[in-house]
Trainee: 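The structure is given below, and queries will be raised subsequently.
Because the structure is a prediction, the values reported are computed rather than measured. Computed over heavy atoms, backbone and side chain alike; hydrogens, waters and symmetry mates excluded. In what follows, chains carry the letters A, B, and so on, assigned in the order in which the sequence lines appear, proteins first and then strands, with residues in each chain numbered from 1.
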Protein chains: 2
Amino acid sequence: MHNFQALFDYVQKLSGEMLSADDKQVFIAHFKPKKIRKRQYFLQEGDVCKYTGFIVKGAAKTFTVDEKGHEHILKLSVENWWLADFESFYKLTPSRFNIEALEDMEILQITHGLVEEFIKPIPAFSAMQNVLSQNNTIAAQKRMQSSISQTGEERFQELVNDYPHFIQRFPQNLIASYLGLTPETLSRIRKNSSK
Amino acid sequence: MHNFQALFDYVQKLSGEMLSADDKQVFIAHFKPKKIRKRQYFLQEGDVCKYTGFIVKGAAKTFTVDEKGHEHILKLSVENWWLADFESFYKLTPSRFNIEALEDMEILQITHGLVEEFIKPIPAFSAMQNVLSQNNTIAAQKRMQSSISQTGEERFQELVNDYPHFIQRFPQNLIASYLGLTPETLSRIRKNSSK
DNA sequence: AAATACGCTTGATAAAGATCAATCTATTTT
DNA sequence: AAAATAGATTGATCTTTATCAAGCGTATTT
């Protein structure tokens with residue numbers, strides 16, 4: 001079960017606590033390894049997001065489709081992130097989002113119920129959740145701040161600084177959508193800012 | 001100490017658990033009531049946000065000032081919300097934000113250290129934090145989604161639906177800034193959408 | 001009561017970004 | 001290998017939003 005190692009490392013790193021052999025067995029007993037092929041959907045709009053998945057390998061996009069058929073990417077997720085629409089996952093309500101694999105993926109998935117019953121009681125996990133929740137709050141605040149107060153060009157520069165690997169890994173049209181821009185606009189921004 | 005009642009109600013409501021008389025004494029022992037007058041700063045850019053405050057009464061804005069001297073409002077906070085720049089509060093790093101009272105306020109404030117040591121061990125409080133963190137994640141996601149995929153007009157309509165009391169309570173120029181618009185643009189949006 | 005500050009509106013103009021269409025290249029797919 | 005697809009770029013034009021300036025009414029302040 002070598003693909004659990006990434007999850008163990010992640011929990012231990014974020015929590016600053018060690019997992020016992022027993023703890024690890026609880027993880028192995030309840031998280032299910034799953035493969036998702038490129039272009040396959042992990043979640044479809046209107047469905048309830050029953051699972052969250054820890055991404056061992058691969059990448060995905062979380063997006064909506066508007067009335068004109070245009071995609072808007074809310075989130076790009078890669079290794080060591082959790083894949084889910086958390087609104088739907090926590091409340092078990094139909095999701096407004098789609099989640100689709102951008103590359104072949106390996107995830108470890110689990111339901112909300114099993115997390116609450118078996119995983120959360122593990123102290124390292126619940127410590128990890130606290131840290132993660134703080135990090136998310138901070139990141140969300142920063143992105144929102146950029147969004148209301150900066151131009152497309154400034155937001156792009158910030159993304160280059162904060163997540164340089166995103167620029168390498170994902171095509172420019174996805175980056176544009178993530179920034180709330182059209183691909184044409186991002187293309188022109190890059191052209192101008194390189195001068 | 002009747003101004004603690006709002007805090008007790010809030011914790012009990014969000015957590016779904018009751019606070020014992022002892023729990024309440026712990027709150028009273030560590031949260032300090034504080035008054036902040038209109039226009040007074042709770043936090044100034046560059047300072048560390050040492051306290052978080054539960055808002056018993058009043059309202060505040062969290063904002064940045066850009067190179068051109070323009071304010072950008074990231075957050076409007078009212079009764080039963082927590083006042084802080086959480087990035088600075090959690091990490092004890094200098095804040096990029098200002099927090100200023102929009103009305104005379106009464107808050108109950110506390111440091112991060114005291115929360116961790118005395119308040120978090122209260123089960124109802126830590127349950128409340130979990131719920132709050134979920135709610136915040138959901139709200140942040142929703143606002144971000146609006147920001148990247150909707151026009152100013154649509155974002156304004158969503159705000160009217162989701163937080164109608166904000167529209168009543170705050171002047172239009174603050175609402176505009178919160179939406180990432182200039183006051184002129186919001187004025188024109190309202191004019192056109194009433195037709 | 002006068003003065004000041006604040007918030008809202010309107011007009012003219014400029015800038016940022018979207019849309020539509022075409023082209024080009026590099027992958028994939030068949 | 002040929003065909004299809006995906007992604008990037010460019011040009012022309014349109015829409016949305018910002019900027020600058022002025023004017024107006026209403027609270028506050030003095």
Side-chain angles (χ1 to χ4, degrees), chain A residues 37-40 59-61 63-73 76 100-104 144-160 166-195, chain B residues 37-40 59-61 63-73 76 100-104 146-160 166-195:
Chain A
R37 299 196 53 208
K38 185 172 176 176
R39 293 207 185 82
Q40 199 181 330
K61 62 178 177 183
F63 65 100
T64 53
V65 181
D66 67 21
E67 329 79 53
K68 291 173 198 147
H70 294 157
E71 277 188 25
H72 299 280
I73 296 182
L76 290 168
E100 185 190 330
L102 296 170
E103 309 166 358
D104 290 348
M144 200 61 232
Q145 156 63 12
S146 293
S147 189
I148 60 169
S149 63
Q150 298 192 287
T151 63
E153 176 159 4
E154 292 166 324
R155 298 202 303 279
F156 176 68
Q157 272 313 325
E158 200 167 279
L159 186 68
V160 170
F166 273 33
I167 311 292
Q168 307 298 324
R169 188 162 185 176
F170 302 115
Q172 214 169 284
N173 61 339
L174 299 189
I175 302 286
S177 179
Y178 178 82
L179 290 171
L181 299 170
T182 59
E184 293 95 332
T185 297
L186 182 56
S187 173
R188 285 184 250 260
I189 282 172
R190 295 192 56 182
K191 190 177 161 195
N192 292 330
S193 66
S194 67
K195 285 193 301 203
Chain B
R37 299 197 53 209
K38 184 173 175 173
R39 295 208 182 79
Q40 199 181 330
K61 62 178 175 182
F63 64 100
T64 53
V65 180
D66 68 22
E67 329 79 52
K68 292 173 198 146
H70 294 158
E71 279 188 24
H72 299 279
I73 297 182
L76 291 168
E100 185 190 330
L102 296 170
E103 309 167 357
D104 290 348
S146 293
S147 190
I148 60 169
S149 63
Q150 298 192 285
T151 64
E153 177 159 4
E154 292 167 323
R155 299 202 302 278
F156 176 67
Q157 273 313 324
E158 199 167 279
L159 186 68
V160 170
F166 272 33
I167 311 292
Q168 307 299 323
R169 188 162 184 175
F170 302 116
Q172 214 168 284
N173 60 341
L174 299 190
I175 301 286
S177 179
Y178 178 83
L179 291 171
L181 299 170
T182 59
E184 293 95 332
T185 297
L186 182 56
S187 173
R188 284 184 251 258
I189 281 172
R190 296 194 54 183
K191 190 178 161 192
N192 292 330
S193 66
S194 67
K195 282 193 301 202

Trainee: Measure the distance from CG on A:Asp104 to P on C:dT28 and round it to the nearest whole Å.
Mentor: 12 Å

Trainee: Output the rounded distance in Å from CG (A:Leu102) to C1' (D:dA6).
Mentor: 13 Å

Trainee: Can you tell me how far P of D:dG7 sits from CD1 of A:Ile73, to the nearest Å?
Mentor: 10 Å

Trainee: Between B:Glu158 and B:Glu154, is any pair of side-chain heavy atoms under 4.5 Å apart?
Mentor: no

Trainee: How many whole angstroms separate atom CG of A:Leu181 from atom C1' of D:dT17?
Mentor: 14 Å

Trainee: Nearest 0.5 Å, please: how far is CZ in A:Arg190 from OG1 in A:Thr185?
Mentor: 14.0 Å

Trainee: For the side chain of A:Ser177 and the backbone of A:Ile73, is there at least one donor-acceptor N/O pair under 3.5 Å apart?
Mentor: yes

Trainee: Under a 4.5 Å cut-off applied to non-hydrogen side-chain atoms, are A:Arg37 and A:Arg39 in contact?
Mentor: no

Trainee: Measure the distance from NZ on B:Lys68 to P on D:dA18 and round it to the nearest whole Å.
Mentor: 11 Å

Trainee: Can a donor-acceptor pair be found, under 3.5 Å and without considering hydrogens, that links the side chain of B:Arg155 to the backbone of B:Leu179?
Mentor: yes

Trainee: Is there a side-chain contact between B:Tyr178 and B:Leu159, using heavy atoms and a 4.5 Å cut-off?
Mentor: yes

Trainee: More 5' along DNA chain D: B:Arg155 or B:Lys38, using each one's nearest nucleotide?
Mentor: B:Arg155

Trainee: Treating primed atoms plus P, OP1 and OP2 as sugar-phosphate and everything else as base, which nucleotides of nucleotides 6-13 of chain C get B, S or - for protein heavy atoms under 4.0 Å?
Mentor: -SSSBBB-

Trainee: Round to a whole Å and report the spacing from CD1 of B:Ile189 to P of D:dT16.
Mentor: 10 Å

Trainee: Quick one: A:Leu179 CG to C:dA16 P, roughly how many Å, whole number?
Mentor: 17 Å

Trainee: I need the CG-P distance between A:Asn192 and C:dA16, as an integer number of Å.
Mentor: 10 Å

